[in-house]
Asks: 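Attaching a single structure in C-alpha cells format; questions to follow.
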Amino acid sequence: MTIFLTDSDIEAIERATVAAVSPEVTEELDGWLLPFDGGTVKRARSAVPLHRGAVDHGTLDRIEDRYDSRRVAPALRLADAACFDPLRTELERRHYTDDNPTCVQVGSTQRMRQVVAPGVALADVDRTPDDAWAALFLGEGFDPVDGAHRVRTLARAKGSLYASVREGGRTLAAGAMAFGHGWASVHGMRTDLGHRGRGLAGRVLAGLAQAALSHGFERVFLQVDAANPPALALYRRAGFETRWQYRYWQRQQWS
C-alpha cells in the first residue's frame with residue numbers, strides 16, 4: 001500500500017524525527033528546526049528544513065550564527081530534492097561536505113506487523129529500556145561511544161517504547177518506537193553480531209507494530225542507511241517504501 005505524503009506530512013515527519021532523538025535544546029528559525037546536542041547522533045545536532053522550497057543565503061547565515069553562538073560546527077540534514085540545489089551549491093562554496101546518505105521510508109503498521117509468520121513470538125515491548133537493552137548497543141560490532149549516546153537520546157524521549165528479543169538472560173535484538181505528530185516511528189534497531197540472520201529484527205519490528213496498533217497509529221516511518229542492504233531488504237519485506245533520501249552537510253573546521 002503506497003502512502004501519499006503531503007507537505008504537512010513532511011513537516012510532521014521532520015518534527016517527529018527530532019523529537020524522537022530528544023536533543024538537549026531545539027530552536028525554530030525561518031521554517032527550520034535547529035537541534036543542539038553534545039552527542040554523536042547526527043539527527044540530534046543537524047538543522048533541518050520543515051518544508052521543501054528555496055532557501056536564501058540570509059537564512060543560512062542565521063542558522064550558522066545560532067550554531068556558532070554555541071561553539072558547535074554548523075550542520076544541516078538536507079533532502080536530495082531539486083529545490084535545494086542552489087543551497088547545496090552555496091554550502092560547497094562555504095566549505096561544507098556531505099556524508100551518510102540515508103533513506104526516509106514510510107509504511108503501515110498493519111503491514112509491518114505481518115513481517116513475521118503467524119505464531120512467531122514477538123519481541124517484548126516495555127515502557128523503559130532495561131540494562132540488557134542498553135548493553136546491546138555497547139557490544140561487539142558497535143561503536144561503544146556512539147552506542148552510549150544513542151542509548152541516552154532514545155531513553156530520554158518522552159512516551160517511547162522499547163522492544164527486546166531475549167534469550168538466556170541476554171537481549172539479542174532491540175529497537176525503539178516513538179509516537180508524535182500523527183506518526184509512529186522506528187529507531188535504534190540493533191541485533192547482536194553473533195545472532196544475525198535468525199529473523200530477530202523482524203520480531204522486533206512486529207512487536208513494535210503491535211504496540212503501535214494498540215495505540216491507534218496506522219502510519220509509521222523510519223530512517224535507514226542507504227548503504228545497508230540487509231536492513232533495506234528487511235524493511236522492504238515489512239512493506240516500507242523510500243520517499244526521499246537525505247545527507248548530512250557539515251562545515252569543515254580550519255585550524
Asks: What verdict does the side-chain contact (heavy atoms from CB on, under 4.5 Å) test give for His149 and Val145, after you've listed the backbone C-alpha separation in whole Å, the side-chain angles of each residue and the deciding distance to 0.1 Å?
Replies: CA-CA 6 Å; His149 284 297; Val145 174; 3.9 Å; yes

Asks: Does the pair Asp61 and Arg94 meet the rule for a side-chain contact (heavy atoms from CB on, under 4.5 Å), with working shown?
Replies: CA-CA 11 Å; Asp61 291 341; Arg94 298 190 189 197; 2.8 Å; yes

Asks: Enumerate the residue pairs fulfilling salt bridge (Lys or Arg N to Asp or Glu O under 4.0 Å) with a member in residues 127-136, sequence neighbours excluded, ordered by first and then second residue.
Replies: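 Those involving residues 127-136 are Asp130-Arg166.
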
Asks: Hey, could you give me each pair passing salt bridge (Lys or Arg N to Asp or Glu O under 4.0 Å) that has a residue in residues 200-212? Not counting sequence neighbours.
Replies: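 Non-adjacent pairs meeting salt bridge (Lys or Arg N to Asp or Glu O under 4.0 Å): zero.
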
Asks: Is a side-chain donor or acceptor of Tyr96 paired with a backbone partner of Leu76 at a separation under 3.5 angstrom?
Replies: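 No; judged by distance alone, with no hydrogens or angles, the pair does not exist.
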
Asks: Are the charged groups of Arg198 and Glu167 less than 4.0 angstrom apart, N to O?
Replies: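 Yes, charged N to carboxylate O under 4.0 Å.
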
Asks: Where the side chain of Arg196 meets the backbone of Thr191, is there a donor-acceptor pair that is under 3.5 Å apart?
Replies: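 Flag set: sc Arg196 to bb Thr191 pair under 3.5 Å.
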
Asks: Under the rule for side-chain contact (heavy atoms from CB on, under 4.5 Å), what residues qualify as partners of Ala19, not counting sequence neighbours?
Replies: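 For Ala19 there are no side-chain contact (heavy atoms from CB on, under 4.5 Å) partners, ignoring immediate neighbours.
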
Asks: Transitively linked via ILVMFWY side-chain contacts under 4.5 Å: Val165 with Leu154?
Replies: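 Different clusters.
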
Asks: Is there a continuous path of hydrophobic side-chain contacts, each under 4.5 Å between heavy atoms, that joins Val72 to Val25?
Replies: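 Yes, Val72 connects to Val25 through the hydrophobic network.
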
Asks: Would you confirm whether the ring centroid of Phe221 sits within less than 6.0 angstrom of the ring centroid of Phe240?
Replies: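 No; Phe221 has its ring centre 6.0 Å or more from that of Phe240.
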
Asks: Within the side chain of Glu241, is there an N or O that forms a donor-acceptor pair under 3.5 Å with the backbone of Gly239?
Replies: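 Pair absent, no side-chain N/O of Glu241 close to backbone of Gly239.
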
Asks: Do Glu90 and Arg93 have side chains that approach each other closer than 4.5 Å (heavy atoms only, starting at C-beta)?
Replies: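 With C-beta onward as the side chain, the pair touches.
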
Asks: Over all heavy atoms of both residues, which pair between Leu122 and Gly207 is shortest? Give the atoms and the distance, please.
Replies: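 Closest approach of Leu122 to Gly207, heavy atoms only: CB-CA, 4.0 Å.
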
Asks: Other than Val21, what residues sit in its cluster of Ile, Leu, Val, Met, Phe, Trp and Tyr side chains whose heavy atoms are under 4.5 Å apart, directly or through others?
Replies: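 Direct or chained contacts put Val21 with Val41.
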
Asks: Compute both the distance and the angle, then confirm whether Arg150 meets the cation-pi test with Phe137: under 6.0 Å from the six-membered ring centre, within 45 degrees of the axis.
Replies: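 Negative - Arg150 is either too far from the ring of Phe137 or too far off its axis.
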
Asks: Tell me every residue that passes salt bridge (charged side-chain N to carboxylate O under 4.0 Å, His left out) with Arg190, counting only those two or more places apart in sequence or in another chain.
Replies: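 Listed in chain order: nothing, the list is empty.
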
Asks: Are side-chain heavy atoms of Leu5 and Ile13 found at a separation under 4.5 Å?
Replies: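 SC-SC contact between Leu5 and Ile13 confirmed.
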
Asks: Starting from Leu213 and following side-chain heavy-atom contacts under 4.5 Å between hydrophobic residues (I, L, V, M, F, W, Y), which residues can be reached?
Replies: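 Grouped by the 4.5 Å side-chain rule, Leu213 forms a cluster of one, so the answer is none.
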
Asks: What about Val106 and Met189, same hydrophobic cluster or not, with Ile/Leu/Val/Met/Phe/Trp/Tyr joined at side-chain heavy-atom distances under 4.5 Å?
Replies: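 The answer is no; the residues belong to distinct hydrophobic clusters.
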
Asks: Would Phe217 end up clustered with Leu205 when hydrophobic side chains under 4.5 Å apart are linked, directly or stepwise?
Replies: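 They do share one cluster, since a chain of ILVMFWY contacts under 4.5 Å joins Phe217 to Leu205.
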
Asks: Please report the closest heavy-atom contact between Pro23 and Pro35, naming both atoms and the distance.
Replies: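 Shortest heavy-atom contact: CG-CB, 3.5 Å.
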
Asks: Kindly assign one of parallel, tilted or perpendicular to the pair Tyr248 and Tyr246, based on the angle between their ring planes and the thresholds 30° and 60°.
Replies: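 Taking Tyr246 first and then Tyr248, their aromatic rings stand perpendicular (interplane angle over 60°).
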
Asks: Tell me the closest heavy-atom pair linking Val125 and Leu208, and the distance in Å.
Replies: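 Closest approach of Val125 to Leu208, heavy atoms only: CG2-N, 4.3 Å.
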
Asks: For a side-chain contact (heavy atoms from CB on, under 4.5 Å) with Leu78, tell me which candidate from Val48, Leu91, Val55 qualifies.
Replies: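 It is Leu91; the other options fail the test.
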
Asks: Give the minimum heavy-atom separation between Leu232 and Ala226, together with the two atoms involved.
Replies: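 Of all heavy-atom pairs spanning Leu232 and Ala226, the closest is CD1-O, 3.6 Å.
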
Asks: Under 4.5 Å between side-chain heavy atoms, chaining through other members, with only Ile, Leu, Val, Met, Phe, Trp and Tyr counted: pull out the rest of the cluster around Leu138, sorted by chain and number.
Replies: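 Besides Leu138, the hydrophobic cluster comprises nothing; the residue is isolated.
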
Asks: Search all heavy atoms of Val116 against all heavy atoms of Ala206 and return the closest pair with its distance.
Replies: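 It is CG2-CB, 3.7 Å.
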
Asks: With a cut-off of 3.5 Å and sequence neighbours excluded, list every side-chain donor-acceptor pair involving residues 172-187.
Replies:
from: Ser185; atom 1: OG; to: His187; atom 2: NE2; distance (Å): 2.8

Asks: Only pairs at least two apart or in different chains count here, so list each side chain to side chain donor-acceptor pair (under 3.5 Å) that has a residue in residues 111-122.
Replies: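 The answer is Arg113-Gln210.
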
Asks: Does the side chain of Asp68 reach to within under 4.5 Å of the side chain of Arg251, using non-hydrogen atoms?
Replies: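 When only atoms from C-beta onward are counted, Arg251 and Asp68 do touch, with a gap below 4.5 Å.
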
Asks: Below 4.5 Å, heavy atoms only, C-beta onward: do Arg70 and Arg45 meet side chain to side chain?
Replies: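 No, every pair of side-chain atoms sits at 4.5 Å or beyond.
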
Asks: Give every residue pair that meets the side chain to side chain donor-acceptor pair (under 3.5 Å) criterion with at least one member in residues 154-163, sequence neighbours excluded.
Replies: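 For residues 154-163, and leaving out neighbouring residues, the side chain to side chain donor-acceptor pair (under 3.5 Å) pairs sorted by first residue read Ser22-Arg156, Asp37-Arg156.
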
Asks: Can you list the residues that meet the side-chain contact (heavy atoms from CB on, under 4.5 Å) rule with Pro144, with sequence neighbours excluded?
Replies: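 Applying side-chain contact (heavy atoms from CB on, under 4.5 Å) to Pro144 gives none.
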
Asks: Look up atom CG in Leu29 and atom CG in Leu50, then write down how far apart they are to the nearest 0.5 Å.
Replies: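 Spacing of CG (Leu29) from CG (Leu50) equals 10.5 Å.
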
Asks: Look at the side-chain heavy atoms of Ile, Leu, Val, Met, Phe, Trp and Tyr, link any pair under 4.5 Å apart, and say whether Val104 and Tyr235 land in one connected group.
Replies: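 The answer is no; the residues belong to distinct hydrophobic clusters.
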
Asks: Got a donor-acceptor contact below 3.5 angstrom from the Asp9 side chain to the Thr6 backbone?
Replies: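 Indeed, once roles are kept as given, a pair shorter than 3.5 Å links the two residues.
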
Asks: Salt bridge check, Asp30 against Arg66: does any charged N sit closer than 4.0 Å to a carboxylate O?
Replies: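 No.
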
Asks: Check residues 79-87 and write down every donor-acceptor pair under 3.5 Å in which the side-chain atom is one partner and the other belongs to a residue at least two apart or another chain.
Replies:
from: Asp80; atom 1: OD1; to: Arg247; atom 2: NE; distance (Å): 3.3
from: Asp80; atom 1: OD2; to: Gln245; atom 2: NE2; distance (Å): 3.0
from: Asp80; atom 1: OD2; to: Arg247; atom 2: NE; distance (Å): 3.2
from: Asp85; atom 1: OD1; to: Arg88; atom 2: NH2; distance (Å): 2.6

Asks: Measure across Phe142 and Leu136 and return the closest heavy-atom pair with its distance rounded to 0.1 Å.
Replies: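 Heavy atoms of Phe142 and Leu136 come nearest at CD1-O, 3.3 Å.
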
Asks: Is any side-chain heavy atom of Arg77 less than 4.5 Å from a side-chain heavy atom of Thr17?
Replies: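 Yes, at least one pair of side-chain atoms sits under 4.5 Å.
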
Asks: Is it the case that over 12 heavy atoms from other parts of the model lie below 6.0 angstrom from the CG atom of Asp126?
Replies: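 Atom CG in Asp126 is packed in, count exceeds 12.
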
Asks: Can you tell me how far apart CG (Leu34) and CD (Glu27) are? Round to the nearest 0.5 Å.
Replies: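 The CG atom of Leu34 sits 6.0 Å away from the CD atom of Glu27.
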
Asks: Give the intermediate values and the outcome of side-chain contact (heavy atoms from CB on, under 4.5 Å) for residues Lys42 and Gln250.
Replies: CA-CA 10 Å; Lys42 291 184 177 181; Gln250 183 158 323; 5.7 Å; no

Asks: Kindly determine whether Met112 and Leu222 satisfy side-chain contact (heavy atoms from CB on, under 4.5 Å), including the steps that lead there.
Replies: CA-CA 12 Å; Met112 179 175 155; Leu222 55 80; over 6 Å; no

